Structure formats: C-alpha cells, structure tokens
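For reference, the structure discussed in these notes is given below.
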Amino acid sequence: VLMQGDQSIPAMHACQSDWISRCCHWLDATLTHWRDDEQCSYHDLAPLFEIWFQLDPASERCCLQRMRELQGEGYSVDARRIYFDWVQLIKECYGMNPSAQAVALANKVSKLA
C-alpha cells in the first residue's frame, strides 16, 4: 500500500497508473515526431491516437493534437466531433471543463468548417 496525500492506494494501482502515464508520454512524443513527417497522414497516426485515448480519455493534449492533425488535413468536421465528444466525456465523467486553449482551437476549427 502506498500513501498518496491522505489516501492509501494499492501498490498495484500505483504501478498501473505509472505505466499508463509512461505510455501516454511515449505516445505523445511519438505522435509529435510523426506529425512533422510529411509522409504521415492522419490515417497513419489514428491507431496511436485511439490507444492514447483509451489509456487516458480525459487527456486534453491528446484531444488537441488529434484536432490539429484532422484540421491540418482538411477534416474540420471530424475535428469538431472529436472536441465535442471529449467535452461531453470530461463534463459527464469528471466534472471538468475544457481549458481556454481547447475552446480557442475549437472556435478556430469551427470557423474553418
């Protein structure tokens, strides 16, 4: 059992959380690198975005990267769908709201759609 703040959490849960965090960081770095490769399309990267989303559905960074990639390839409607699905998820499941940066990107994508 590990202590986190005033709560104790099972060691297995802490290890799993650390593993998920490391995977998400790796996916973030990999996707950032591959997005700069002109030969990669969104369709090449989509499976990695899906894995990242499955590991961390509340990740704003994942949502924003995915939206930018879709918008950059002309899929503004899909980018908006990703955003609104993500906002619904974070509000319903976590009681959170998107950041000003996320709202600004969504507004930019909406103007291009």
Side-chain angles (χ1 to χ4, degrees):
V1 175
L2 300 173
M3 295 299 292
Q4 183 176 18
D6 293 335
Q7 300 175 348
S8 63
I9 55 175
M12 187 63 181
H13 178 70
C15 291
Q16 183 180 16
S17 178
D18 185 51
W19 180 84
I20 290 171
S21 177
R22 288 173 188 245
C23 286
C24 290
H25 287 292
W26 179 84
L27 287 163
D28 183 10
T30 301
L31 285 161
T32 299
H33 174 77
W34 284 356
R35 283 181 63 226
D36 294 336
D37 186 337
E38 293 178 11
Q39 295 180 348
C40 281
S41 71
Y42 176 78
H43 299 288
D44 298 322
L45 304 177
L48 294 177
F49 277 117
E50 268 308 309
I51 292 168
W52 189 1
F53 177 75
Q54 292 299 318
L55 290 171
D56 187 4
S59 173
E60 183 172 288
R61 184 155 173 85
C62 177
C63 178
L64 297 182
Q65 276 204 38
R66 201 171 185 182
M67 287 174 61
R68 286 186 191 106
E69 188 64 26
L70 285 163
Q71 177 197 5
E73 292 196 21
Y75 299 110
S76 296
V77 172
D78 291 328
R80 288 177 52 211
R81 181 185 50 80
I82 293 292
Y83 173 77
F84 288 115
D85 289 351
W86 173 75
V87 168
Q88 182 179 0
L89 173 94
I90 65 168
K91 283 184 175 186
E92 289 178 4
C93 296
Y94 303 100
M96 298 171 19
N97 290 313
S99 70
Q101 179 185 11
V103 172
L105 180 58
N107 289 337
K108 180 180 174 183
V109 169
S110 292
K111 289 177 186 175
L112 297 174

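This structure is a prediction, so every number in the text was calculated from the model and none was measured. Note: hydrogens, waters and symmetry copies are ignored here, and every other heavy atom, side chains too, is used. Heads up: numbering here begins at 1 and tracks the sequence.
Side-chain contact of Glu60 with Ser99: a donor-acceptor pair under 3.5 Å is present, judged by distance alone. In summary, the side chains of Tyr83 and Arg66 do not present any donor paired with an acceptor at a separation below 3.5 Å, with no hydrogens or angles considered.
Relative orientation of the Tyr75 and His43 rings is perpendicular, given thresholds of 30° and 60° on the angle between their planes.
Within the model, atoms CE of Met96 and CG of Leu89 stand 9.0 Å from one another, a figure rounded to the nearest 0.5 Å. With rounding to the nearest 0.5 angstrom, the SG atom of Cys24 is 8.5 Å from the CH2 atom of Trp19. To the nearest 0.5 Å, the span separating CG on Asp56 from NE2 on His25 amounts to 9.5 Å. Rounding to the nearest 0.5 Å places CG of Leu70 at 4.5 Å from OH of Tyr42. To the nearest 0.5 angstrom, Ser17 atom OG is 11.0 Å from Arg22 atom CZ. A distance of 10.0 Å separates NZ of Lys108 from OG of Ser76, quoted to the nearest 0.5 Å.
Between the Gln71 side chain and the Val109 main chain, no donor and acceptor come within less than 3.5 Å of each other. Asp85 places no side-chain N or O within 3.5 Å of a backbone atom of Ile82 that could act as its donor or acceptor partner.
Heavy atoms only, all atoms of each residue included: Ser41 and Glu69 are closest at C-OE2, 4.2 Å. Heavy atoms only, all atoms of each residue included: Pro98 and Lys91 are closest at CD-CE, 4.3 Å. Counting all heavy atoms, side chain and backbone alike, Arg35 lies closest to Leu45 at CG-CD1, 3.7 Å.
In this structure, the side chains of Asn97 and Ile90 stay at 4.5 Å or more apart for every pair of heavy atoms. Between Pro57 and Tyr94 there is a side-chain heavy-atom pair separated by less than 4.5 Å. You'll find the side chain of Leu55 reaches within 4.5 Å of the side chain of Leu27, heavy atoms only. Taking the side chain as every heavy atom from C-beta outward, Trp34 and Asp44 never approach each other to under 4.5 Å. Considering only heavy atoms from C-beta on, Phe53 stays 4.5 Å or farther from Ser59 through its side chain.
A search for ring pair (Phe, Tyr, Trp, His ring centres under 6.0 Å) contacts involving His33 returns nothing, not counting sequence neighbours. By the side-chain contact (heavy atoms from CB on, under 4.5 Å) test, Thr32 is found to be paired with Asp28, Arg61, Gln65, residues two or more places apart in sequence or in another chain being considered.
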